[in-house]
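It should be emphasised that the depicted structure is a prediction, and the values quoted were computed from it without experimental measurement. When a residue number appears, it is its place in the shown sequence, counting from 1. Just so it is clear, the values below take in all heavy atoms, side chains as well, and ignore hydrogens, waters and symmetry mates.
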Amino acid sequence: MDTWRQLKPLEWCKYVNKEVKVTAHEKQQHHGWVFTVDPVSASIVLVTFQEKGGTPTVRVVTGHAVQEVEVLQEGNEETAGRLRLIFTPPGAHALGPEEVRHRKESLRMWLEKNRIPVEEKGEMLCVANVLTVSAPYGAEDCSSSNEIILARVQSLVESNPDSTPDQPAIS
C-alpha cells in the first residue's frame, strides 16, 4: 500500500507529536510518538518513552515499509517538549524572545556598520539577497548557496563584538 508515501508533507505534519501505531511490512507493528517524518523518504521517526524516567528509544520506520498509521493519542505541549529535549545537545539553553530580538538587532547593526546590505524579512535577516540568517542569529544559522559569501558572512558574524560566545541554542 503506497498511500502513506503519496501523502504530502503538510499531511504528514498532522502526525507529529502524536502517539501512533505503525503497521509496516509483514504486519510488523511499531508504537511511539512521532517526532518527525522525512519528506523525501516518508520515513517516520518514532520515540518511545520508558516508564519512570528511563532512556527513551528512537526508531525509524522506513517510508517504503509503512502500510498504515493509526493515531492512538493526541500530543500536548509537554509531550512536544519531551520530544525536543531528546534531540537537544547537552548544555543547550533556550533563548527568550527578548534575547533573540536583541541578537537579531545587534547582528543587523553590525552588518550595516561593515557596509553589508541587510534587510529584515520576518524573523530572518536577508543579506544582499543571497544569504539568510535565522534565529538565534549565529554563524551556524547562516544559509546560502554561494559558499564564498557564506564563509565571509559567517566570519563577520563570528567577529561581532556584541554577540555572546556561541553556544547551541533553541529558539
Passes side chain to side chain donor-acceptor pair (under 3.5 Å), S106 versus D162? Steps please. CA-CA 7 Å; S106 168; D162 195 31; 3.0 Å; yes
Nearest atoms (heavy-atom pairs only) where V133 meets V127: CG2-CG2, 4.5 Å
Return the minimal non-hydrogen interatomic distance between G75 and W33, and the atom names on each side. CA-CZ3, 3.7 Å
Check whether any side-chain N or O of N160 sits under 3.5 Å from a backbone N or O of L156 as a donor-acceptor pair, and report yes or no. no
Do you know which two heavy atoms are closest between V61 and V22, and how far apart they sit? CG1-CG1, 4.0 Å
Steps toward side chain to side chain contact (heavy atoms under 4.5 Å, CB included) verdict (V69, I44): CA-CA 10 Å; V69 179; I44 305 170; 3.9 Å; yes
Out of curiosity, E119 CD to N129 CG, how far, rounded to the nearest 0.5 Å? 5.5 Å
Charged N to carboxylate O below 4.0 Å: is that the case for E11 and K8? no
Closest heavy-atom pair, Q154 versus A139, reported as atoms and distance to 0.1 Å, is NE2-O, 2.9 Å
Kindly compute the distance separating CD (Q50) from OG1 (T57), expressed to the nearest 0.5 Å. 5.0 Å
So Y15 and W4, would you call those rings parallel, tilted or perpendicular, with 30° and 60° as cut-offs? perpendicular
Quick check against the 3.5 Å criterion: does S41 have a side-chain atom that pairs as donor or acceptor with the backbone of S43? yes
L7 CG to C13 SG distance, which is reported to the nearest 0.5 Å: 11.0 Å
With rounding to the nearest 0.5 angstrom, report the CG to CG distance, N17 to L83. 5.5 Å
Could you check if a side-chain atom of V153 sits within less than 4.5 angstrom of a side-chain atom of L150, using non-hydrogen atoms only? no
Which is it for E105 and Y137 under the side chain to side chain contact (heavy atoms under 4.5 Å, CB included) test, yes or no, and what are the steps along the way? CA-CA 10 Å; E105 185 61 23; Y137 308 103; over 6 Å; no
Please check if L111 and V130 belong to a single hydrophobic cluster, counting links between Ile, Leu, Val, Met, Phe, Trp and Tyr side chain heavy atoms closer than 4.5 Å. yes
If you count the non-hydrogen atoms of other residues, nucleotides and ligands that lie under 6.0 Å from CD in E77, is the total more than 12? no
Would L46 and V20 satisfy side chain to side chain contact (heavy atoms under 4.5 Å, CB included), going step by step from the backbone distance to the final call? CA-CA 9 Å; L46 291 177; V20 298; 3.6 Å; yes
Within-4.5 Å side-chain heavy-atom neighbours: V118 and W110: no
Strictly by side chain to side chain donor-acceptor pair (under 3.5 Å), give each pair with a member in residues 141-150 just once, sequence neighbours left out. none
Salt bridge E120-K104, side-chain N to carboxylate O under 4.0 Å: yes
So which heavy atom on V16 is nearest to which on F35, and how close? CG1-O, 3.5 Å
Measuring only between side-chain heavy atoms, which start at C-beta, is Q28 closer than 4.5 Å to H30? yes
Compare every heavy atom of S134 with every heavy atom of M124, then report the nearest pair and how far apart it is. CE-CB, 4.0 Å
Show, in sequence, the C-alpha distance, side-chain angles and deciding distance for E112 and R108, and conclude whether the salt bridge (Lys or Arg N to Asp or Glu O under 4.0 Å) test is met. CA-CA 6 Å; E112 287 174 346; R108 186 186 59 74; 2.8 Å; yes
Looking at E99 and R103, is there a salt bridge between them, counting it only when a charged N and a carboxylate O are closer than 4.0 Å? yes
Does N76 reach the main-chain N or O of E78 with its side chain, forming a donor-acceptor pair under 3.5 Å? yes
Considering only heavy atoms from C-beta outward, does the side chain of K18 approach that of Q73 to under 4.5 Å? no
At what distance, to the nearest 0.5 angstrom, does CG of N114 lie from CE of M109? 12.0 Å
Find out whether V37 and V45 are in side-chain contact, i.e. whether some heavy atom of one side chain is under 4.5 Å from a heavy atom of the other. no
Under 3.5 Å: donor-acceptor pair, side chain of K27, backbone of T23: no
Can you list the steps and then say if H31 with L72 is a side chain to side chain contact (heavy atoms under 4.5 Å, CB included)? CA-CA 9 Å; H31 293 75; L72 302 175; 3.7 Å; yes
